[in-house]
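A short write-up of the structure that comes next.
Keep in mind that the numbers below use all heavy atoms, side chains included, and drop hydrogens, waters and symmetry copies.
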Amino acid sequence: MMEDDSYPDEPKERVDHDRLFKELIGTFFEEFMLLFFPKAYESIDFEHTVFLSEELYTDIVKGEKRRVDLLVETRLKGEQALIIIHVEPQSYVQPDFQDRMFVYFSRLYEKYRRKILPIAIFSYDKNRDEQDTLDISFPFFDVMKFQYLKIELKKQNWRDYLKQDNPVAAALLSKMGYTEDERVKVKVEFLRMLVRLEQDPARTQLLTGFFETYLKLSRQEEQQFEQELNKLKPEEAKQMMEITTSWHKKGRAEGRAEGLAEGVAKGKAETAKNMLMIGMDKELIAKVTGLSKEQIDKLQKELH
């Protein structure tokens, strides 16, 4: 996954988007490949899978910083050579995206000198037709044809994935193609899939958090959701409600913890400012507040 800090049309929530997709695919990489790219899945030896660390480089021509987040080192069955799989979630429209993918590919190949399988996941809220090739040719000579695998989530009919015993399919129902009238039904089926999958609590929280980020029901839809649960078998409805309740309790607890931490930080900053205004020594301020010298210097600049 590569982050580009320079695009003005990039939504502010993209950082969260990248993190969510990275967590989902990183946790369920094998299931992700099986779901969308079964031919590649059959060729990969998943016993040799290593997630590579983030890499940051600068595009010299455009002066843009880009971060490679999701790189997987693995092997093909029957081959000793390693391959690199680069997964690039794309949540916003970018002209000439195929050019960008080729630049990523060339930079990665320059470093690793291995086979590289590039994959793009388009998660727009609207249907679009995205290219998956870059051709460089002359009337008299074909120089190159670069191609990458792609999945366009909005073009996937969510109902086609309901029988999949696959956690990635469950989470990504929230980004697939469904109508406004189907939103409640999508959530019901998502929870039904989670009950069937029987994931451990941590993974269940990850999947629920991903889904709830992209498909949040309104108050009226929540009432419809409860009505739908009442139509189910009591035991199944109970299990589904336990998942939902657990997620919301965790969210409220995290919210309270974040609010408390934010309040403490603000209190320390105000105390430090007051001490600075009466000319107290910075070392003493640091001991009293627990703030670093850099933080205190920054607060002092804010006072002037």
Hey, are the side chains of [X] and [Y] touching, using non-hydrogen atoms and a 4.5 Å cut-off?
| X | Y | result |
| --- | --- | --- |
| Met176 | Tyr161 | yes |
| Ile121 | Glu88 | no |
| Leu172 | Trp158 | no |
| Leu117 | Ile84 | no |
| Val195 | Leu197 | no |
| Thr49 | Val72 | yes |
| Ile83 | Arg75 | no |
| Phe21 | Ser123 | yes |

Establish, for the pair Lys216 and Phe211, whether the NZ or CZ atom is under 6.0 angstrom from the six-membered ring centre and no further than 45 degrees off its axis.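 Ring-cation test returns no.
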Looking at Tyr124, is Lys154 sitting on its ring face, NZ or CZ under 6.0 Å from the six-membered ring centre and within 45 degrees of the normal?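 No, Lys154 does not sit over the ring of Tyr124.
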The test is salt bridge (Lys or Arg N to Asp or Glu O under 4.0 Å); show your working for Asp297 and Lys301 and say whether it passes. CA-CA 6 Å; Asp297 288 340; Lys301 289 179 181 178; over 6 Å; no
Heavy-atom neighbours of Lys238 NZ exceed 12 at 6.0 Å: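 Counting other residues, nucleotides and ligands, NZ of Lys238 stays at 12 neighbours or fewer.
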Is the side chain of [X] donor-acceptor paired with the backbone N or O of [Y] at a distance under 3.5 Å, no angle test?
| X | Y | answer |
| --- | --- | --- |
| Asn230 | Glu226 | yes |
| Glu221 | Ser218 | yes |
| Thr133 | Gln147 | no |
| Gln156 | Leu153 | no |
| Asp96 | Asp99 | no |
| Lys150 | Glu130 | yes |
| Thr208 | Gln205 | no |

Please table the atom pairs, donor to acceptor, closer than 3.5 Å between any side-chain atom in residues 35-47 and protein atoms at least two apart or in another chain.
| residue | atom | partner | partner atom | Å |
| --- | --- | --- | --- | --- |
| Tyr41 | OH | Glu30 | OE2 | 3.4 |
| Ser43 | OG | Lys39 | O | 3.4 |
| Asp45 | OD1 | Glu47 | N | 3.1 |

[Y]/[X] salt bridge by N-O under 4.0 Å criterion:
| X | Y | value |
| --- | --- | --- |
| Lys231 | Glu228 | yes |
| Arg159 | Glu182 | yes |
| Glu235 | Lys233 | no |
| Glu23 | Arg19 | yes |

Return the [atom1] to [atom2] distance between [X] and [Y], rounded to the nearest 0.5 Å.
| X | Y | atom1 | atom2 | answer |
| --- | --- | --- | --- | --- |
| Thr27 | Leu206 | OG1 | CG | 5.0 Å |
| Lys145 | Ser137 | NZ | OG | 10.5 Å |
| Thr244 | Gln239 | OG1 | CD | 12.0 Å |
| Phe102 | Ile136 | CZ | CD1 | 5.5 Å |
| Lys175 | Leu24 | NZ | CG | 12.5 Å |

So, using salt bridge (charged side-chain N to carboxylate O under 4.0 Å, His left out) as the criterion, who are the partners of Glu189 when residues are at least two apart?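 Checked Glu189 against salt bridge (charged side-chain N to carboxylate O under 4.0 Å, His left out); matches are Lys185, Arg192.
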Are the aromatic ring centres of Tyr104 and His86 under 6.0 angstrom apart?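 Yes, the ring of Tyr104 comes within the 6.0 Å limit of the ring of His86, centre to centre.
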Can the ring centres of Tyr148 and Phe105 be said to be less than 6.0 Å apart?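 Between Tyr148 and Phe105, the centre distance exceeds or equals 6.0 Å.
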